[in-house]
There are 2 protein chains.
Amino acid sequence: MRKPANTVELKIDSGRDQPRQKLLTAARQVFAEVGFRAATVREICARAEQNVAAVNYHFGDKFGLYAETLKHETVFNEEMADRELGALAPKEALRTFIVRVFRSFGSADRPAFYTQVMMHELAAPSEGLSAVLDQVIRPRVQVLEKIVGLLIELPPAHPKTRLCVLSITGQIAHYVNSRALISSIWPEWKLNSEDLNEVANHIADYSLAALQTVKRDFSQAASRTRKTR
Amino acid sequence: MRKPANTVELKIDSGRDQPRQKLLTAARQVFAEVGFRAATVREICARAEQNVAAVNYHFGDKFGLYAETLKHETVFNEEMADRELGALAPKEALRTFIVRVFRSFGSADRPAFYTQVMMHELAAPSEGLSAVLDQVIRPRVQVLEKIVGLLIELPPAHPKTRLCVLSITGQIAHYVNSRALISSIWPEWKLNSEDLNEVANHIADYSLAALQTVKRDFSQAASRTRKTR
DNA sequence: ATCCGATTCAAACAGTTGTTTTAAACTATC
DNA sequence: GATAGTTTAAAACAACTGTTTGAATCGGAT
């Protein structure tokens, strides 16, 4: 035991690092299920069929494994998605964006890794939050700001654009964050991928209708003070 | 030490149970901050200026304290609020409902207890989830179903009503669940109570516009199959 | 076959957790 | 004021955590 890895060590002989890969996939499972803090290296090692010391040997410590886990899944293609969506009319761009995000959540019984990790990070933030934020959230928000800006004819950075973007992302995130709650309130609601597709289209319809009204109303009566009583 | 409380024991001599109350308020703080699992009885007892054994003596075990904590805050006046909303026109009822929920979240620096506990429960559910669900969530969802049903002229139990309700609750919940994320993306966005009031009114405007379109569109073309491409 | 570094393993370590124990302090009643 | 029941307090317990240790094992170059 001489070089217990803190320097990341490129490792191009990737054919022969089964333990690392097994640890990574097991870790992704466990971190997604219970979050960083509640995850135990013993559980991870058990699933990966590795010794308890393997995590510290290969990744330095528990958080090193977590960070590697977050890094590894970053094979997203924002530019392509951006270009692709830019070619569509804004209305259809919004709809396909929503449908695509929903699809990336995975099915009801097998939600995607980032989806679950983000929930844990939001409830009990660790150092990993900013990584997920930079790599997954921020780019998508920028795409949405652009689309919504076109739809309501306001700049992407306008406060009203931001509110509308959050109205959309809020609707989407709800089916991730509160899935347990929804299933508990409406037990017959299965939320399989077909259902989620219907939900995605509902959100698109709902938001397109709202955005059209925003476009119409917001331009002139920008500063309407409303009493909340 | 003879009767270490598992039978709840009404305790009407409430003037003299400082330790219990101090434990409960300290526990609410800690549970809200880090969730049930990550909370430690030592931290709770330290804040309550009580001995470590106090939790087990007064509440049986850690979860007994948690359950009592959840039970105790249920002195809400939902019924009154419900009756009050029924007297308003549906549009204004929706707006005041949203504003009121936002207000119950507390200000930015001091979010309400249930709000934070629910986040932790959703990310890492414990036995306490169903309690919060029954006492806080379900009643409010029913109120919303009624209002939205009136607005889109569909029964409260209709699937489309459900989707619209979730579109509204999703927008609201987003400012709770993802507050850390929002503050990180738009650091200048302070989200004080004035901001939140503006957000609440935006959500009302946004949703009223969408619901009007739903009412218009949904009645005739109920089963429109849409290709997602 | 031999050697040396890299890897694996069982065991142990140090710290934290919820809970229990045991005795002391308190409180109200006779 | 003595006494029985209730409450507090310090300490210890057992289980679990991430991490380290040091020896055993492996795999390829000599």
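We name chains A, B, ... by the order of the sequence lines, and we start the count at 1 in each one.
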Look at the side chain of Tyr57(B) and decide which nucleotide, out of dT19(C), dT6(D), dA10(D), has an atom nearest to it.
dT6(D)

Under 4.0 angstrom between His58(B) side-chain N/O and dT8(D) OP1 or OP2
yes

Atom-pair distance (CG on Leu65(A); C1' on dT17(D)), nearest Å:
16 Å

Give the rounded distance in Å between these two atoms: CG of Asp61(B) and C1' of dT17(C).
14 Å

Checking dG18(D), dT19(C), dT8(C) against the side chain of Lys62(B) (C-beta onward), the nearest is dT19(C)

Going through the checks in order, is the side-chain hydrogen bond (donor to acceptor under 3.5 Å, both in side chains) test met by Ser167(A) and Gln171(B)?
CA-CA 5 Å; Ser167(A) 282; Gln171(B) 291 176 74; 2.7 Å; yes

Looking only at side-chain atoms of Val41(A), point me to the closest of dT19(C), dA9(D), dG18(D).
dG18(D)

Using whole Å, what does the distance between atom P of nucleotide dT7(D) and atom NZ of Lys22(B) come to?
16 Å

Value in whole Å for how far the P atom of dC9(C) lies from CD of Gln50(A)
6 Å

Please check if the side chain of His120(A) supplies one atom and the backbone of Ala32(A) the other of a donor-acceptor pair under 3.5 Å.
yes

Between P on dT8(D) and CZ on Phe59(B), what's the gap in Å once rounded to a whole number?
11 Å

Just how far, in rounded Å, is P of dT19(D) from CZ of Phe63(A)?
12 Å

Could you give the CD1-to-P distance, from Ile44(A) to dG18(D), as a whole number of Å?
8 Å

Please identify each residue that fulfils salt bridge (charged side-chain N to carboxylate O under 4.0 Å, His left out) with Arg37(B), with sequence neighbours left out.
none

Identify whether any heavy atom of Ala53(B) sits under 4.0 Å from a base atom; if not, whether one sits that close to sugar-phosphate; answer base, sugar-phosphate or nothing.
base

Ignoring backbone atoms, test whether Asn56(B) places a side-chain nitrogen or oxygen under 4.0 Å from the OP1 or OP2 oxygen of dT19(C).
yes

Among dT19(C), dA12(C), dT7(C), the nucleotide that comes nearest once only the side chain of Arg42(A) is considered:
dA12(C)

Euclidean distance, atom CD of residue Gln18(B) to atom C1' of dT6(D) [Å, nearest integer]
16 Å

Is the shortest heavy-atom distance from the side chain of Arg140(A) to the side chain of Arg100(A) under 4.5 Å?
no

Compute the ring centroids of Phe31(B) and Phe113(B), then answer whether they are less than 6.0 Å apart.
no

Taking any heavy-atom pair under 4.0 Å as a contact, classify Ala39(A): base, sugar-phosphate, or nothing.
sugar-phosphate

